[in-house]
Amino acid sequence: MSTTNDRNPDTVPSGAPGAPDDHQARRLLAEVEGRSRTLPATIPAAFITFGMLCVIGAFAVIGLHLAALVPESADVAPNLLVLVFSLVWVGVAMVPLWIFRDRWRRGLGRRWIALMAVWGVLWIAGMFLATTTLAFVIAPLFFVLFVVAVTGEAAALKARSRQGAGRGEVQAR
């Protein structure tokens with residue numbers, strides 16, 4: 001025979017001895033909130049993909065620059081080989097987006113569109129200018145773009161946590 005307390009032994013009725021009063025409960029909630037701010041923030045899965053795309057972009061530009069130095073033969077076109085492998089890896093980079101699409105942070109949508117637009121412009125510029133010395137300028141710009149993306153997400157996360165802390169202070173009063 002089982003009673004309610006046997007099925008759920010962790011619940012303590014509000015009037016029972018050992019249950020925190022309102023003041024203690026608020027203090028415990030504030031302590032938990034303070035500790036949660038010190039935990040490392042999770043990175044949206046979109047940044048896994050974006051990092052892969054930036055690496056692929058830089059390697060594709062350098063690969064096309066080096067492929068232009070290889071003489072073409074009837075069997076293999078080095079530029080085409082680099083492009084095909086690059087596009088295959090772009091497809092592979094999209095897999096995390098489909099797997100983790102429900103875990104994206106709010107606000108990332110607008111930033112994501114802007115980041116992808118800049119990435120696309122760099123990709124196109126890299127494809128056209130890979131055989132020139134500008135390839136050595138464009139390839140590192142993919143790294144700079146990734147650093148800007150992560151920094152922007154960290155700033156947005158910090159702003160969200162400040163807004164959340166501000167709302168918590170108002171509610172506690």
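Just so you know, these numbers come straight off a predicted model, no measurement behind them.
- By the criterion of side-chain heavy atoms lying less than 4.5 angstrom apart, applied directly or through intervening Ile, Leu, Val, Met, Phe, Trp or Tyr residues, Val55 is not grouped with Leu145; the two fall into different hydrophobic clusters.
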What pairs of donor and acceptor atoms, side-chain ones from residues 58-70 against any protein atom, are under 3.5 angstrom apart with sequence neighbours left out?
residue: His65; atom: ND1; partner: Ala130; partner atom: O; Å: 2.7
residue: His65; atom: ND1; partner: Thr132; partner atom: O; Å: 3.4

Per-pair distances, 0.1 Å, donor-acceptor, side chain in residues 75-96, under 3.5 Å, sequence neighbours excluded:
residue: Ser86; atom: OG; partner: Val82; partner atom: O; Å: 2.8

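- A ring-centre distance under 6.0 Å is not found for Phe142 and Trp123.
- The CD1 atom of Ile138 sits 11.5 Å away from the CD1 atom of Ile124 when rounded to the nearest 0.5 Å.
- Applying the under-4.5 Å side-chain rule to Ile, Leu, Val, Met, Phe, Trp and Tyr, the cluster around Leu29 consists of that residue alone.
- Partners of Val147 according to the side chain to side chain contact (heavy atoms under 4.5 Å, CB included) rule, which considers only residues two or more places apart in sequence or in another chain, are Phe143, Thr151.
- Val150 and Phe47 get closest at one heavy-atom pair: N-CE2, 4.0 Å.
- Through direct or relayed side-chain contacts under 4.5 Å between Ile, Leu, Val, Met, Phe, Trp and Tyr, Leu28 connects to no other residue.
- In this structure, CG in Leu122 is found 12.0 Å from CG in Leu53, a value given to the nearest 0.5 Å.
- Closest heavy-atom contact between Ala149 and Phe50: CB-CE2, 3.7 Å.
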